[in-house]
Amino acid sequence: MLLWWPAALAAAVALCLGVPALVTGGGSSSAAGTAAAAATPATDSAEAGFARDMAAHHQQAIDMSFIVRDRTQDAAVRTLAFDIINTQANQRGMLMGWLDQWGLTQASPARPMAWMGHTYEPHDGSLMPGMATNTDLAKLRTLSGQDAEVFYLQLMIEHHKGGVAMAQAYVDASRNEVEKRLATTMVNGQRSEIDLITSMLAERGAKPLS
């Protein structure tokens, strides 16, 4: 799909820009290499854990947005879905690009959010707090019109709440300023969208799930 181009572009940008801590100016090449190696996140680090988990979290938001885009003709909801698809695909591409640059795998045997000490029990496809279940997604696919709009908006508020909590946890634990800035952008952007989505629900005579 043409809408996936932001992820590929972001991955390429991330690979080119990298993390400033990985490149040192001055000194011998061996000293620079030693500093770069020391600055590269380990596979069990908060940097790697956040990149993997937020990428998975974002992917579901993208999937839900594609579903609702085809289930309603409402301009406001379709615009929101389009914005979420593009923003989160872009951010996901950056996260995956950093993992590739660090020489780390995009998947890990560690439990989701283990890097932040979270004990959420995955169930029915919901891997992390705020993620919809497979049952939720199946239901969304059966709805249309305002019913689809309301359920999507309700699911997205919960999804954003979980995403904000994870991003804020990373901001608090981060040692990587580039990734920290991205996480801060996620916190601010998704909090703003929660307010917007809450008002969109009210316009449709509905409320958030919690």
Side-chain angles (χ1 to χ4, degrees), residues 6-7 9-23 35-65 83-122 125-132 155-197 210:
L9 175 60
V13 171
L15 286 170
C16 292
L17 295 179
V19 179
L22 299 181
V23 180
T40 301
T43 193
D44 61 350
S45 65
E47 287 71 28
F50 173 71
R52 292 182 180 118
D53 290 345
M54 189 56 81
H57 209 269
H58 273 17
Q59 184 59 59
Q60 189 184 73
I62 294 166
D63 293 343
M64 288 195 295
S65 297
D83 288 345
I84 289 174
I85 289 167
N86 280 276
T87 298
Q88 298 208 11
N90 187 19
Q91 293 174 347
R92 186 179 186 280
M94 294 175 70
L95 295 167
M96 292 292 94
W98 286 329
L99 286 170
D100 186 65
Q101 183 182 44
W102 297 332
L104 302 177
T105 59
Q106 295 186 358
S108 167
R111 288 174 62 89
M113 302 173 77
W115 57 272
M116 56 182 285
H118 214 290
T119 58
Y120 184 78
E121 190 65 36
S126 176
L127 303 179
M128 289 166 271
M131 290 186 71
L155 292 178
M156 194 55 68
I157 285 181
E158 297 304 307
H159 204 275
H160 275 4
K161 286 179 179 177
V164 166
M166 187 189 345
Q168 186 61 58
Y170 179 72
V171 169
D172 295 340
S174 174
R175 295 178 297 173
N176 183 307
E177 289 303 316
V178 173
E179 198 173 7
K180 183 175 182 176
R181 284 197 296 272
L182 178 61
T184 301
T185 296
M186 292 176 185
V187 170
N188 295 335
Q190 292 190 27
R191 281 178 175 166
S192 178
E193 282 190 343
I194 288 173
D195 291 340
L196 170 63
I197 295 170
S210 62

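A donor-acceptor contact shorter than 3.5 Å is absent between the side chain of Arg111 and the backbone of His118. Proximity of a side-chain donor or acceptor of Ser192 to a complementary backbone N or O of Asn188 within less than 3.5 Å is not detected.
Of all the heavy atoms in Ser210 and Glu158, the pair that sits closest is OG-OE2, 2.8 Å. The two residues Ile197 and Ile157 have their closest heavy-atom pair at CG2-CG1, 3.4 Å. The minimum heavy-atom distance between Ser65 and Ile84, with the atom names listed, is OG-CG2, 3.4 Å. Ala165 and Met116 get closest at one heavy-atom pair: O-CE, 4.4 Å. Taking each heavy atom of Ala167 and Met186 in turn, the nearest pair found is CB-CB, 4.2 Å. Scanning all heavy atoms of the two residues, the minimum distance from Gly163 to Gln190 falls at CA-OE1, 4.0 Å.
Summarising the geometry, atom CD belonging to Glu193 is positioned 7.0 Å from atom CG belonging to Leu196; distances are rounded to the nearest 0.5 Å. In this structure, NE2 on His57 lies 13.0 Å from CZ on Arg92, to the nearest 0.5 angstrom. Separating the CE atom in Met94 from the CD atom in Gln101 is a distance of 11.0 Å, to the nearest 0.5 Å. One distance of note links CG of Leu95 with CG of Leu182; it measures 5.5 Å at 0.5 Å rounding. Here Met156 contributes atom CE and Ile194 contributes atom CD1; the two are 11.0 Å apart, rounded to the nearest 0.5 Å. Atom CD of Gln60 is separated from atom CE of Met128 by 8.5 Å, given to the nearest 0.5 angstrom.
Using a 4.5 Å heavy-atom threshold, the side chains of Met113 and Pro129 count as touching. Using a 4.5 Å heavy-atom cutoff, the side chains of Arg191 and Gln168 are in contact. Put simply, the side chain of Met131 does not reach to within 4.5 Å of the side chain of Pro122, judged on heavy atoms.
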Inset, instruction - Carefully, step by step, assess Asn176 and Trp98 under the rule side-chain hydrogen bond (donor to acceptor under 3.5 Å, both in side chains). - result: CA-CA 11 Å; Asn176 183 307; Trp98 286 329; over 6 Å; no

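Looking at Lys180 and Glu47, no side-chain N of the basic residue comes within less than 4.0 Å of a carboxylate O on the acidic one, giving no salt bridge.
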